[in-house]
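Note sheet for the following structure.
Only this structure's heavy atoms are used, side chains among them; waters, hydrogens and symmetry mates stay out. Throughout, protein chains are lettered first and strands after them, A, B, ... in sequence-line order, and every chain is numbered starting at 1.
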Number of protein chains: 2
Amino acid sequence: MSEGLPPITPAQVVDAAVRLTVRHGIDGWTVRALAQDLGVAQAVVYHHVGDRQQVVYAVASQVVDQIPVPAADRPWREWFGALLADVRKVTLHHPGVARHLVVLGPLAGAGRIVRPGMDVLTAAGFAEDAMMIYNYLSNTALSLIAVEDERNKDPDERMRRARELADLAQDPDEGLSEMGEWLASRAVSIDQLRAADAHNYRFSVERALDGAEARLKVVRKRTARRAVRLERRSTRATGSKLSTKGQE
Amino acid sequence: MSEGLPPITPAQVVDAAVRLTVRHGIDGWTVRALAQDLGVAQAVVYHHVGDRQQVVYAVASQVVDQIPVPAADRPWREWFGALLADVRKVTLHHPGVARHLVVLGPLAGAGRIVRPGMDVLTAAGFAEDAMMIYNYLSNTALSLIAVEDERNKDPDERMRRARELADLAQDPDEGLSEMGEWLASRAVSIDQLRAADAHNYRFSVERALDGAEARLKVVRKRTARRAVRLERRSTRATGSKLSTKGQE
DNA sequence: ACCTGAACACCGTTCAAGT
DNA sequence: ACCTGAACACCGTTCAAGT
């Protein structure tokens, strides 16, 4: 240990942090544990990468880099459906990262995904709503995963709570009776709870896409009206009366 | 202090925790700070309420109790629109609580809101999808607020990041250029960022309601088909041919 | 420049001891 | 039963000192 061993690189630190995150979640390791995993003193982490927050940021960036980008020629709904299915796959393997992704917003390097996403929405006709819709869809997906992560932090505790809630919901006075039956049938194993999470994710993402689709119809009408108005104004300006028949 | 002063009650502990939460957020106080606020030793909190998690749970319950329930006779979309606007108002005054509400799911006592909500959805025709839709809507709303809370934890840090992202997004190579202009125009004051949050909340909730509405149409058709099939079967069983003209 | 070891200022939680 | 004071086992972060 005394000789000049090859010095540790920032990349090594971040890679170790990613490995620990896969195994224990982003909140499941400490700076001490990370240093020990690397076989160095804690201060080494601060020297090469920075404080815990900066390590987390680096881990989040690497997770984003693992998300595949759907082919640009697919229809917008398919494109986002594919993206958000992959987002879940990748982030769920790095528990706790999804939460940071929503909170931090688009990281450096996220343009790889954001640009084609915005293009696909603009091509579909979302016009000036494209960005709001992009945020809406990615927020919905990442928030759902963030909640899943948090609930799965302690599987035993989750099972306990599910059973507790199932019992509580049996009581007709509580007004949760539909929820009671539903939970009682699922709260028998952690695998079933997770399967319910997966189903809930797909359902919610589809509803979010429905919401975007409904908006698209409104925006398209607005755009069409605006085009007519512009057209009318320009024809009036040139003195032409050719297109006035569409006026009333 | 040595005489038998009136002993502290659990309610006093929780009330103090709520006050601290309003002022500093749920993550902004420690058990030590709570005890000091009450003028007692830390162990008193554990004696009357339990560990930190249980205090948080009690605070969350009290926040839920403050949410007003819309009149049961309003149409489902209005009902949820009103509810979710009030949810934001109440939870935003208790920073960090929204996150616990999503993660914990319906608390004891939430039946006050869940039951009329389910009734309103069932009356609208959501049938067996009512619960999924209820979860979808409340999850969407609470998750958005949870993200807002987290972003506002450190306003300075948030401003810094917004400006940073605005600069980054100016770079055409990053593929965030629409976002760059948008952010650059808003990242001048924290109030403008918060106004953008409010706008984003309303927009997203409206999209989520659009998504539910689209689903409603599908479910209604399915229910109608099923009714026809049942009707047909019963008429066939009784030998009647009265309603067969709707067959094809 | 890189790394160590130790310290600092915090946490949540527990528990023997007092009244 | 209620409360105190002190301790325990952790954190993230910093920093003088070594090579």
Pairwise side-chain contact, His48(A) with Gln12(A), heavy-atom cut-off 4.5 Å (strictly under): no

Where protein sits on nucleotides 8-14 of chain D, one letter per nucleotide: B base, S sugar-phosphate only, - none, heavy atoms under 4.0 Å: ---BBBB

Pairs meeting criterion ring pair (Phe, Tyr, Trp, His ring centres under 6.0 Å) with involvement of residues 80-113 of chain A, two or more places apart: Phe80(A)-Tyr134(A)

Between dC3(D) (P) and Gln36(B) (CD): distance, integer Å: 17 Å

Side chain proximity check, Asp119(B) to Trp76(B), heavy atoms < 4.5 angstrom: no

Under 3.5 Å, side-chain donor or acceptor atoms of residues 53-64 of chain B against the rest of the protein: list the pairs with distances, not counting sequence neighbours.
from     : atom 1 : to       : atom 2 : distance (Å)
Gln54(B) : OE1    : Asp51(B) : N      : 3.4
Ser61(B) : OG     : Tyr57(B) : O      : 3.1

Passing option when Glu148(A) is tested against Arg88(A), Arg158(A), Arg194(A) for salt bridge (Lys or Arg N to Asp or Glu O under 4.0 Å): Arg88(A)

Salt bridge present between Arg99(A) and Asp149(A) (N-O < 4.0 angstrom): no

Enumerate donor-acceptor pairs with a distance under 3.5 Å from any side-chain N or O in residues 13-22 of chain B to protein atoms, sequence neighbours excluded.
from     : atom 1 : to       : atom 2 : distance (Å)
Arg19(B) : NH2    : Asp37(B) : OD2    : 3.1
Thr21(B) : OG1    : Ala17(B) : O      : 2.7
Thr21(B) : OG1    : Trp29(B) : NE1    : 2.9

Base-pairing string, 5' to 3', of DNA chain C - Watson-Crick or wobble, under 3.5 Å, | interstrand: ||.|||||...|||||.||

Donor-acceptor contacts, no H, no angles, side chain residues 104-111 of chain B, under 3.5 Å, sequence neighbours left out:
none

Any His48(A) side-chain nitrogen or oxygen under 4.0 Å from OP1 or OP2 of dC3(C): yes

Atom-to-atom span, NE2 of His47(B) to P of dA16(C) - whole angstrom: 15 Å

